[in-house]
Asker: 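One structure, pasted below without further comment.
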Amino acid sequence: MLKTFVGEGKLDYELYLKTSELFTLQSPADELVCSDELMFQIVHQVQEMWLKLLTHELTELVGELEGDDLWSATARLERIIRISRCLAGEMRVLETLTPDTYQTIRRHLGKGSGQESPGFNRVQLAAGFVSEALDRLVDRRGTSVYDVYAVPDPEHLDLKRTFECLMDVDEAYQTWLFTHFMLVRRTIGVGRGTAALDGVPTTVLTGRMTQPLFRPLWKVRERMTAGWDRGDGYAPGTERTAQAEK
């Protein structure tokens, strides 16, 4: 049935999406080492395509931040968030792969590692440019990330919204990394004696999956908590007769 011919690649839909070329990028059915290898290839290829789009959107975001166009920036960030969530959702398709089947596929992967992913490395690079553009934006406004949160100012509400959208991006991205970690744990295990194909122990993933893209936005939470005190807050159960200190 898989060999049944459908479409000659001549229709506008096929020509625009280049489906004839697209469908040749996976191993033919008679060359698959097991039935699940097609799923393995397609999911990883689609992940690379989403990462390519994510890099494109982050690059466009840099220009919007440089131009102080925060309405467009936050609209684009919403798209970036959804793309990042797609990455995690699709990764879970691979969780249907049982460890014995993966060990069969694994014999044919050489010494490949997820750290070699061009999409992953481009996103990391693009996120660095976004961080630099964000720093310049904050400087132009004459404020700091800390002050935007700790010293409320109506003039900087758009900055605060942008920061929070970037936090959503980072959370979705780290969720994708955590999903990958759980996939590795389900298929080959995580331990000091368990190594990926590149020879690196799988335990290093526990550190990699918590590395944020926009570290200053996370550090400000720690700073605010470190400087917090109870102030004039109400004790639980007491009558609230005056305006509590914010």
Side-chain angles (χ1 to χ4, degrees), residues 1-64 69 72-98 101-127 129-130 165 168-169 172-180 182-184 186-187 197 213:
M1 184 175 67
L2 290 176
K3 295 180 180 179
T4 302
F5 183 76
V6 178
E8 297 181 355
K10 297 179 180 179
L11 300 176
D12 285 351
Y13 178 89
E14 299 170 292
L15 291 170
Y16 180 76
L17 294 180
K18 302 181 180 180
T19 54
S20 294
E21 296 96 326
L22 185 63
F23 295 152
T24 63
L25 301 179
Q26 300 81 41
S27 299
D30 56 0
E31 294 182 14
L32 295 173
V33 297
C34 66
S35 175
D36 287 351
E37 187 182 21
L38 182 61
M39 172 188 67
F40 187 86
Q41 287 183 346
I42 288 177
V43 171
H44 279 87
Q45 288 173 346
V46 171
Q47 293 265 298
E48 289 296 329
M49 295 305 295
W50 280 123
L51 289 167
K52 179 179 180 178
L53 179 57
L54 190 57
T55 300
H56 171 76
E57 298 295 340
L58 289 169
T59 302
E60 293 294 308
L61 177 62
V62 171
E64 289 161 350
D69 185 2
S72 296
T74 52
R76 190 175 302 279
L77 282 165
E78 177 60 32
R79 179 183 297 170
I80 292 171
I81 292 164
R82 297 186 188 202
I83 294 169
S84 300
R85 289 172 180 165
C86 283
L87 284 165
E90 290 175 352
M91 182 68 72
R92 292 187 176 97
V93 175
L94 288 175
E95 291 183 346
T96 63
L97 190 66
T98 57
T101 303
Y102 176 65
Q103 296 296 350
T104 298
I105 296 172
R106 197 170 187 246
R107 297 190 185 101
H108 308 273
L109 301 179
K111 296 181 180 180
S113 164
Q115 299 303 306
E116 298 173 353
S117 160
F120 170 78
N121 288 309
R122 287 190 186 116
V123 167
Q124 297 291 124
L125 183 62
F129 286 116
V130 171
C165 287
D168 287 338
V169 169
Y173 189 74
Q174 289 179 66
T175 298
W176 171 61
L177 295 177
F178 175 74
T179 304
H180 175 260
M182 291 304 297
L183 174 66
V184 171
R186 287 181 66 131
T187 51
L197 286 167
L213 295 173

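Here, residue 1 is the first one in the sequence, and each next residue gets the next number.
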Asker: Contact between F40 and L32 at the side-chain level, heavy atoms closer than 4.5 Å - yes or no?
Answerer: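 Contact flag for F40/L32 side chains = no.
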Asker: With distance as the sole test, does E57 use its side chain to make a donor-acceptor pair with the main-chain N or O of R79 at under 3.5 Å?
Answerer: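 No, the answer is negative, given that no donor and acceptor are paired below the 3.5 Å cut-off.
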Asker: Considering all heavy atoms of both residues, which atom of A172 and which atom of R85 are nearest to each other, and what is their separation?
Answerer: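 The answer is CB-CG, 4.1 Å.
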Asker: State the SG-NE2 distance between C34 and H108, to the nearest 0.5 angstrom.
Answerer: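 Output value for this atom pair is 8.0 Å.
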Asker: L94 versus R186: any side-chain heavy-atom pair under 4.5 Å?
Answerer: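 The answer is no; the side chains never approach within 4.5 Å.
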Asker: With a 4.5 Å limit on heavy-atom distance, are the side chains of V130 and L213 in contact?
Answerer: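 Not in contact.
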Asker: Can you find a heavy atom in the side chain of W50 that is under 4.5 Å from one in the side chain of V123?
Answerer: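 No - every pair of side-chain heavy atoms lies 4.5 Å or more apart.
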Asker: Output the distance between atom CD (E21) and atom CG (L15), rounded to the nearest 0.5 Å.
Answerer: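 The CD atom of E21 sits 8.5 Å away from the CG atom of L15.
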Asker: State the CG-CZ distance between L54 and R82, to the nearest 0.5 angstrom.
Answerer: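 If we round to the nearest 0.5 Å, L54:CG and R82:CZ are 14.5 Å apart.
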Asker: I need the minimum non-hydrogen distance between V169 and S84, along with the two atoms involved.
Answerer: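 Heavy atoms of V169 and S84 come nearest at O-OG, 4.4 Å.
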Asker: So, taking the atom named NZ in K111 and the one named CG in L109, what distance separates them when rounded to the nearest 0.5 Å?
Answerer: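 Nearest 0.5 Å value for the NZ-CG distance: 13.5 Å.
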Asker: Take M91 and F178 through the side chain to side chain contact (heavy atoms under 4.5 Å, CB included) test and state the conclusion after the steps.
Answerer: CA-CA 10 Å; M91 182 68 72; F178 175 74; over 6 Å; no
Asker: Distance from D168 atom CG to I81 atom CD1, nearest 0.5 Å?
Answerer: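 Separation between the atoms: 4.5 Å.
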Asker: Would you mind reporting whether E78 and T74 have side-chain heavy atoms less than 4.5 Å apart?
Answerer: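 Of all side-chain heavy-atom pairs linking E78 with T74, none is under 4.5 Å.
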Asker: Where do T96 and M39 come nearest, in terms of heavy atoms and distance?
Answerer: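 Reported closest heavy-atom pair: OG1-SD, 3.5 Å.
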Asker: Is there a side-chain contact between L58 and R76 (heavy atoms, below 4.5 Å)?
Answerer: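 No - every pair of side-chain heavy atoms lies 4.5 Å or more apart.
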Asker: Between T187 and L183 (side chain of the first, backbone of the second, donor and acceptor by atom type, cut-off under 3.5 Å), is there such a pair?
Answerer: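 Yes, T187 side chain to L183 backbone: donor-acceptor pair under 3.5 Å.
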Asker: Checking E14 side chain against L11 main chain: does a donor-acceptor pair fall under 3.5 Å?
Answerer: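 Yes; judged by distance alone, with no hydrogens or angles, the pair exists.
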Asker: With distance as the sole test, does E90 use its side chain to make a donor-acceptor pair with the main-chain N or O of V46 at under 3.5 Å?
Answerer: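 Not a single qualifying donor-acceptor pair exists.
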Asker: If you apply the rule side chain to side chain contact (heavy atoms under 4.5 Å, CB included), what do you find for L17 with L22, and how did you get there?
Answerer: CA-CA 8 Å; L17 294 180; L22 185 63; 5.9 Å; no
Asker: Say you draw a straight line from CG of L51 to CG of L87; how long is it, rounded to the nearest 0.5 Å?
Answerer: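 Rounded to the nearest 0.5 Å, the CG-CG separation comes out at 5.0 Å.
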Asker: Do you know which two heavy atoms are closest between S117 and E48, and how far apart they sit?
Answerer: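 For S117 and E48, the tightest heavy-atom pair comes out as OG-OE2, 2.6 Å.
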Asker: Who pairs with E60 by salt bridge (Lys or Arg N to Asp or Glu O under 4.0 Å), at least two apart in sequence or on another chain?
Answerer: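 By the salt bridge (Lys or Arg N to Asp or Glu O under 4.0 Å) rule, E60 matches no residue at all.
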Asker: Within the distance-only criterion (no hydrogens, no angle test), does the side chain of E37 pair as donor or acceptor with the backbone N or O of V33 below 3.5 angstrom?
Answerer: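 A pair under 3.5 Å: yes.
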Asker: For Q26 versus Q45, what's the shortest heavy-atom pair and its separation?
Answerer: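 Answer, listing the atom of Q26 first, then Q45: NE2-OE1, 2.6 Å.
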